[in-house]
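The basis for the numbers below is simple: all heavy atoms, side chains too, and nothing from hydrogens, waters or symmetry mates.
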Amino acid sequence: MPTQRYWLMKSEPNVYSIADLQRDSRTCWDGVRNYQARNFMRDDMQVGDGVLFYHSNAKPMGIYGLAEVVRESYPDHTAFDTSDPHYDPKSDPADPTWMMVDVGYVGMFKEPLPLITLKQTPGLEHMLVIQRGSRLSVQPVTPDEWQIVLGLGELTT
DNA sequence: GCCAACGTTGGC
DNA sequence: GCCAACGTTGGC
């Protein structure tokens with residue numbers, strides 16, 4: 001039985017929001033074009049892993065809900081689609097550069113957990129998302145951080 | 001809208 | 001292999 005891991009995944013809500021995930025039940029996490037983020041998805045994510053769903057460029061920006069990994073990594077087909085904004089001509093379909101996972105909806109916080117709150121919460125000092133200049137869109141979260149974050153909000157489905 | 005931080009690209 | 005230029009992210 002593999003150890004469950006925890007993650008934080010960023011999305012701009014005007015592109016794809018937690019409400020979109022609630023509506024869709026699950027989605028493929030396409031469009032990641034950063035090697036470090038890809039490596040986490042490709043090498044470390046397992047079905048059942050917990051995901052903090054973060055809204056960037058939002059009011060307020062912060063954690064809006066929970067998701068879970070429901071499918072392990074497979075090629076991101078949008079990299080082969082010339083009409084897709086994330087098209088990457090260097091990604092060979094026979095040896096894809098970019099991978100994605102599928103995530104499923106778990107729940108939404110009644111009130112989002114704003115970034116500013118996370119910054120003020122003891123025990124979260126080392127979360128990557130609160131570090132200045134942190135641009136990683138898929139990042140690991142420790143079990144302790146996960147528990148603290150869940151204690152900050154009230155979840156609804 | 002601004003711009004700091006960061007990752008990537010490409011000339012050398 | 002270095003590093004300046006560039007483009008993007010994303011908080012403010």
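- In this structure, A:His55 and A:Tyr64 have parallel ring planes: the angle between them is below the 30° cut-off, well short of the 60° mark.
- With C:dC12, C:dG10, B:dG7 as the candidates, the nucleotide lying closest to the side chain of A:Leu115 is C:dC12.
- For the pair A:Gln131 CD and B:dC6 C1', the interatomic distance rounds to 14 Å; values are reported in whole Å.
- Atom CG in A:Leu136 sits about 13 Å away from atom P in C:dT9, given to the nearest Å.
- Distances from the side chain of A:Asn34 to the nucleotides C:dG10, C:dC12, B:dG7 place B:dG7 closest.
- Rounded to an integer number of Å, the gap from CG of A:Asn39 to P of B:dG7 is 13 Å.
- Side-chain proximity of A:Arg135 to the nucleotides B:dT8, C:dG11, C:dG10 is greatest for C:dG10.
- In this model, the phosphate group of C:dT9 is not approached by any side-chain N or O of A:Tyr54 to a distance below 4.0 Å at OP1 or OP2.
- Between B:dC6, C:dG10, C:dG11, one nucleotide has an atom nearer to the side chain of A:Lys10 than all others, and that is C:dG10.
- With rounding to whole Å, A:Tyr35 atom OH is found 16 Å from C:dT8 atom P.
- Looking at heavy-atom distances under 4.0 Å, A:Lys90 makes contact with sugar-phosphate atoms alone, never a base.
- The CG atom of A:Leu115 lies 10.5 Å from the OG atom of A:Ser56; values are rounded to the nearest 0.5 Å.
- Distances from the side chain of A:Arg132 to the nucleotides B:dA4, B:dG7, B:dT8 place B:dA4 closest.
- As a whole-Å value, the separation of A:Lys59 NZ from C:dG10 C1' is 14 Å.
- Ring centers of A:Phe53 and A:Trp7: at least 6.0 Å apart, outside the cut-off.
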